[in-house]
Amino acid sequence: MISIENIHKKFGKNLVLKGVDLNIEGGGIFAILGPNGSGKTTLIKSILGMVIPNKGIIKVLEKPVKNNWKYRQEISYLPQIADFPGNLRVKELIRMIQDLRQKPSDMVKLVGLFGLEPFLDKKLATLSGGTKQKVNIVLTLMFDSPLLILDEPTTGLDPAALICIKKLIREEKEKGKTILITSHIMQFVEEMADEIVYLLEGKIYFRGNIEQLKAMTRQTDFEHAIAAISNQAVNA
Ligand SMILES: Nc1ncnc2c1ncn2[C@@H]1O[C@H](COP(=O)(O)OP(=O)(O)OP(=O)(O)O)[C@@H](O)[C@H]1O
Ligand SMILES: [Mg+2]
């Protein structure tokens, strides 16, 4: 599904990705973890072609992403920071994205699930942070794509919305989809992820499941295992 080979990316003098190799065969939930600024969003944006690496090859569905755009039709992407035009109403934005993608959409079901009906006529600038995130989620999940990339999907969500998104993500997984998620909420990751990819100092420092991570760090709980992994790296 995704193959990443020796990706390097620098912004000015800041070398963010220093040789990332990652193969994701497909099917399941993959959590991309790492401290703030470790390059998770940069890696995701490189897969999407929104960041152009200085070196390396990325393939999605067997095809290089460089100078290619068609593969993006197979991806549903939830950006970490959704910078919506504030003057647009929610329903106008949804309609705009539907017109752009030209695919059947699950919009009505999702708007209902997240209780967004009362907000459809409101301008995006007037919404609370969590409500904006619900709109962000509806825009992402309303289309059927084999690959989902969700950058911090839980940001700002209340408990009811959190239950709802977890259920939706599980349903997508059951359909055989590949789902990449970044999150700093370890409880969410522990509940959802089949595999962990831990990014540190520009490289993949660990890849495996939660049990393997606990064994490697000799920790019994996941949150401590994640904390231990960064300490191990600092002391290495
Ligand atoms: N467009 C850009 N221009 C300059 N520097 C950038 C740009 N995008 C990211 N960076 C830098 O690259 C590094 C990695 O940023 P990135 O957003 O990928 O981190 P992250 O792992 O997603 O962090 P977080 O957990 O905070 O979301 C940071 O030092 C950031 O300042
Ligand atoms: Mg990020």
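Whatever order the structure lists them in is the order used to number ligands and atoms, beginning at 1.
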Expected output: side-chain D151 to main-chain T41 donor-acceptor under 3.5 Å: no
Residue pair F114 / L168, side-chain heavy-atom distance below 4.5 Å: yes
Contact flag N36/the Mg ion (ligand 2), N/O/S atoms, threshold under 2.8 Å: no
Sub-4.0 Å heavy-atom environment of ligand 1, residues by chain: F11, N14, V16, P35, N36, G37, S38, G39, K40, T41, T42, Q80, H184
The Mg ion (ligand 2) to nearest N/O/S of Q80 less than 2.8 Å: yes
same_hphob_cluster(L78, M96) at 4.5 Å side-chain heavy-atom cutoff: yes
E92/R95 salt bridge by N-O under 4.0 Å criterion: no
Q187 atom CD: more than 12 heavy-atom contacts under 6.0 Å: no
Side chain S183, main chain E152, donor-acceptor under 3.5 Å: no
NZ/K214: more than 12 non-hydrogen atoms of other groups inside 6.0 Å: yes
